[in-house]
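Worksheet: one structure, shown below.
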Amino acid sequence: MLKLLALLTLLASTAVHAQAPLHTDLPLKYLEQAHAESRNLPLVIFLHGYGSNEQDLFDIKDELPPQYNYLSVRAPMTLEEGSYQWFRQKGEGAYDGETDDLKASGQVLRDFVAQAAKKYHTEADKVFLVGFSQGAMMSYEVALRHPDVVGGMAALSGRILPVLESELKPDEKRQQLAIFIGHGTADTLLPYNDGTDADSLLQRLSLKPEFHAYPGVGHSISATEIQDLRAWLQRLNP
């Protein structure tokens with residue numbers, strides 16, 4: 001689970017979450033930080049990792065471009081109270097996902113993205129998914145299969161699942177995607193080569209991902225990665 005204690009104290013985090021009501025008007029439950037006049041502003045959608053919830057990534061928004069709108073969504077499958085997942089893992093060994101779960105969660109996430117873009121009065125090319133771990137896998141799943149629904153995505157400590165990799169073919173529409181990949185070299189849950197493999201695959205498909213390695217960082221998000229993510233997002237809407 002993502003740890004942000006290096007950036008924010010637990011007390012401050014709790015205070016922020018207490019002020020952010022859970023919204024239920026779209027296909028997935030979510031937290032929101034949006035400007036009163038949101039027309040044509042970039043929209044960033046956070047996708048949390050396995051066993052976490054919509055609060056886990058939400059505080060990152062405070063370190064990102066202030067002129068953007070931010071949503072943090074809850075995955076649709078409940079593990080227990082306060083703990084959710086996008087899909088079940090299939091088998092042992094390398095992280096893989098149940099195909100039916102991926103299809104179902106991919107569909108509801110696409111519906112969420114489309115309705116959110118409409119609600120916040122922005123175009124698809126100004127919507128950006130930012131996913132951590134399992135959320136990064138879902139970001140790949142939606143953005144690479146349906147490049148017309150988002151302008152780009154950031155995969156933090158994730159991987160491209162085998163079922164998706166096997167079905168990817170060159171596509172001119174996909175080449176327009178802005179992609180950020182960040183991975184810690186000391187990640188033992190999703191090894192560093194998951195990030196480099198994704199980068200290599202996307203380059204073979206004529207995409208131009210921006211890849212960042214974080215020496216000594218495990219399965220978490222460092223302050224440096226958030227700074228790099230901020231710079232990447234800022235360049236997309238100068």
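Every value quoted in this text rests on a predicted model; they were computed, and no experiment measured them.
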Heavy-atom side-chain proximity of Phe46 to Glu54 below 4.5 angstrom: no
Any donor-acceptor N or O pair under 3.5 Å, side chains Arg110, Gln107: yes
Listed partners of Lys29 passing salt bridge (charged side-chain N to carboxylate O under 4.0 Å, His left out), at least two apart: none
Qualifying ring pair (Phe, Tyr, Trp, His ring centres under 6.0 Å) pairs with a residue from residues 165-186, counting only residues at least two apart or across chains: Phe180-His212, Phe180-Trp232
Validation row: Glu225, Leu156 side chains within 4.5 angstrom (heavy atoms): yes
Counterpart residues, ring pair (Phe, Tyr, Trp, His ring centres under 6.0 Å), relative to His23 (two or more places apart): Tyr30
With Tyr120 via side chain to side chain donor-acceptor pair (under 3.5 Å) - residues at least two apart: Glu32
Exercise: do Thr188 and His219 side chains pair donor with acceptor under 3.5 Å: no
All side chain to side chain donor-acceptor pair (under 3.5 Å) counterparts of Tyr84, not counting sequence neighbours: Arg74
Test log, rule side-chain hydrogen bond (donor to acceptor under 3.5 Å, both in side chains), inputs Asp187 and Tyr214: CA-CA 10 Å; Asp187 194 333; Tyr214 298 99; over 6 Å; no
Sequence-distant partners of Arg235, salt bridge (charged side-chain N to carboxylate O under 4.0 Å, His left out), two or more places apart: Glu210
Pairwise side-chain contact, Leu43 with Tyr70, heavy-atom cut-off 4.5 Å (strictly under): no
Validation row: Phe58, Gln33 side chains within 4.5 angstrom (heavy atoms): yes
Glu167: partners by salt bridge (charged side-chain N to carboxylate O under 4.0 Å, His left out), with sequence neighbours left out: Arg145
Residues that Asp101 engages under salt bridge (charged side-chain N to carboxylate O under 4.0 Å, His left out), provided they are two or more places apart: Arg88
Residue list, side chain to side chain contact (heavy atoms under 4.5 Å, CB included) with Gln67, at least two apart or on another chain: Pro65, Gln234
Student check: side-chain heavy atoms of Gln134 and Gln85 closer than 4.5 Å: yes
Sequence-distant partners of Asp100, side chain to side chain donor-acceptor pair (under 3.5 Å), two or more places apart: none
Reference residue Leu47; test side-chain contact (heavy atoms from CB on, under 4.5 Å); the match among Val130, Leu109, Leu28: Leu109
Set of residues satisfying side chain to side chain contact (heavy atoms under 4.5 Å, CB included) with respect to Asp171, sequence neighbours excluded: Lys173, Arg174
Gap between atom CZ of Phe87 and atom OH of Tyr50 - 0.5 Å precision: 10.5 Å
Side chain to side chain donor-acceptor pair (under 3.5 Å) against Lys126, all qualifying residues, sequence neighbours excluded: none
Gly51 to Leu79 - nearest heavy-atom pair and separation: CA-CD1, 3.6 Å
